[in-house]
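Throughout, a chain's letter reflects where its sequence line sits, starting with A, and its residues are numbered from 1.
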Number of protein chains: 2
Amino acid sequence: MTEEHPPFHTEGCLAVSRVLARIGDKWSVLIVMLLAGGPRRFNEMKRMVDGISQRMLTLTLRGLERDGLVSRTVYPSIPPRVDYELTPLGHSLREPVMALGQWAQANLAYIAEAQAAFDRRGGAPEAAPAPAQRPR
Amino acid sequence: MTEEHPPFHTEGCLAVSRVLARIGDKWSVLIVMLLAGGPRRFNEMKRMVDGISQRMLTLTLRGLERDGLVSRTVYPSIPPRVDYELTPLGHSLREPVMALGQWAQANLAYIAEAQAAFDRRGGAPEAAPAPAQRPR
DNA sequence: CTGGATCCCCCCTGATACTG
DNA sequence: CAGTATCAGGGGGGATCCAG
C-alpha cells in the first residue's frame with residue numbers, strides 16, 4: 001500500500017468504504033441475497049424484488065457482474081433466456097453481509113426506539129413550532 | 001404474519017437493507033471507525049476525515065446520533081466543546097462492519113481484477129460517438 | 001423475454017456565508 | 001469552536017418507449 005491513509009488508519013475502514021460504495025446502494029444486497037438461493041432469470045428477479053424498476057435491476061446486475069460477484073449466462077434460445085448467478089466471490093460476500101443482517105435484526109427495535117426518542121426530544125422539529133430550545 | 005414478504009424472504013435481507021440505508025452512505029462507516037478510537041470533537045473529526053464537508057459531518061453525526069449509535073455531549077465552556085462518542089450499540093456495530101472490512105481487504109484485488117476484465121471484454125464500451133441528440 | 005435509450009424529478013452533496 | 005442557512009450542481013432512480 002503506497003497510499004496515504006487518514007491519521008487514524010483503522011484497518012479496513014477505507015476498504016469498507018469502497019465496498020459500501022458498491023453494495024451500499026439501494027438494491028445490490030437484496031439481489032445478492034436473492035441469488036443466494038440459486039440462479040435466477042431477469043424477469044423472475046424483477047417480480048421477486050418488487051419495487052425495483054427494470055432499469056435499476058439492469059444497472060445493479062451490471063455493477064455486480066463487473067465486480068465479479070455475479071455471473072451472467074445467456075442462452076441463445078427463443079425466447080432469449082439469461083441466467084444470473086452468484087460467483088464464488090459473490091457467495092463469500094454473503095457471510096459478512098449475513099453478519100450485518102444478524103446485527104440489524106437484533107438491533108432494529110433498539111434503533112427504532114432511539115429514533116423515536118431522538119425525534120421526541122426535538123431532534124427534527126420540522127413539523128413543530130419548537131422554539132430554538134436547547135436540551136440542557 | 002401480517003406483513004407481506006417477498007417470496008424469497010431470506011432472513012435479514014430486509015433488515016440489512018434498512019441498515020445499509022443508514023450506514024451505507026459515504027461517511028457513516030468512516031465516522032464509526034474513527035470514533036472507535038475514543039471520543040472526538042467536531043473539528044477534530046473534520047480534520048481527520050479529510051474530504052468531508054462540514055455540512056456532511058454534521059448531517060452524518062446527526063443521523064448516527066438519531067439511530068442511537070453515537071452520543072453527543074455538550075460542555076457549556078468557552079470555547080464551546082462538543083464530544084461525540086460511540087454508544088454501546090455503536091460499538092457493537094463495529095463487529096459486523098469489521099467483518100465486512102476483512103472481506104473487503106481480502107478481496108479488493110480480486111474485485112479490481114474482475115472490473116478490469118469486465119471492462120476489457122467490452123463491458124462498458126461507452127465511448128459512444130455522440131448520437132444526434134436534441135435537447136427539446 | 002431481455003434490456004437499451006430517454007425524460008425528468010428529487011435528494012444528496014459541496015461551497016460559501018453567517019451566528020452564538 | 002460548533003454549528004445553521006442558503007444556493008447550485010450532479011447523479012441516483014423511476015416511468016416509459018422501443019429494439020433485438
Starting at OG1 of A:Thr60, measure out to CZ of A:Arg62 and round the result to the nearest 0.5 Å. 12.0 Å

Taken to the nearest whole Å, CG/B:Leu59 to P/D:dA2 is 17 Å

Atom OH of A:Tyr75 to atom P of D:dG20: distance rounded to whole Å? 25 Å

For C:dG4, does either OP1 or OP2 sit under 4.0 Å from a side-chain N or O belonging to A:Arg62? yes

Kindly indicate, with the supporting measurements, whether the criterion side-chain contact (heavy atoms from CB on, under 4.5 Å) is fulfilled by B:Tyr84 and B:Val70. CA-CA 7 Å; B:Tyr84 291 91; B:Val70 163; 3.9 Å; yes

Indicate whether OP1 or OP2 belonging to C:dG14 is found under 4.0 Å from a side-chain N or O atom of B:Lys26. yes

Nearest non-hydrogen partners of B:Val32 and B:Leu86, listed with the distance: O-CD2, 3.7 Å

Nearest whole angstrom, please: distance from the P of D:dG14 to the CD1 of A:Ile52. 7 Å

Could you tell me how far apart B:Arg72 (CZ) and D:dC1 (P) are, to the nearest whole angstrom? 17 Å

Side-chain (A:Asn107) to main-chain (A:Tyr110) donor-acceptor, under 3.5 angstrom: no

Could you tell me how far apart B:Lys46 (NZ) and D:dG3 (C1') are, to the nearest whole angstrom? 12 Å

Going only through I, L, V, M, F, W and Y residues with side-chain contacts under 4.5 Å, is there a path from A:Tyr75 to A:Leu35? no

Nearest-angstrom distance from the residue atom CG of A:Leu57 to P of C:dA5: 17 Å

A:Arg41 versus A:Pro80, closest heavy-atom pair with distance: NH2-O, 3.7 Å

Quickly work out the A:Leu61 CG to C:dC1 P distance and round it to whole Å. 16 Å

Where B:Pro39 and B:Asp83 come nearest, the two heavy atoms and their spacing: CB-OD2, 4.2 Å

What one should report as the nearest heavy-atom pair of A:Ile23 and B:Leu20 is O-CD2, 3.7 Å

With each end axis built from five pairs of C1' atoms, what bend angle do you get for the helix from C:dC1-D:dG20 to C:dG20-D:dC1? Round to 10°. 40°

Working to the nearest 0.5 angstrom, can you tell me the gap between B:Leu59 CG and B:Trp27 CH2? 12.5 Å

Can you tell me the distance, in whole Å, between the CG atom of A:Asn43 and the P atom of C:dG4? 13 Å

Under 4.0 Å from any atom of DNA chain C, heavy atoms only: list the residues of residues 76-87 of chain A that qualify, in numerical order. A:Pro79, A:Pro80, A:Val82, A:Tyr84

Nearest-nucleotide 5' precedence on DNA chain C, B:Asp25 against A:Phe42: A:Phe42

Between D:dG14, C:dC1, D:dC1, which nucleotide gets closest to the side-chain atoms of B:Arg47? D:dC1

In terms of hydrophobic clusters joined by side-chain contacts under 4.5 Å, are B:Val74 and B:Leu64 together? yes

Name the pairs: protein N/O against N/O of nucleotides 15-18 of chain D, kept only if under 3.5 Å.
none

Search all heavy atoms of B:Arg94 against all heavy atoms of B:Ala36 and return the closest pair with its distance. NE-CB, 3.3 Å

Using every non-hydrogen atom in the two residues, find where A:Ser53 and A:Lys46 come nearest and quote the distance to one decimal. C-CE, 4.4 Å

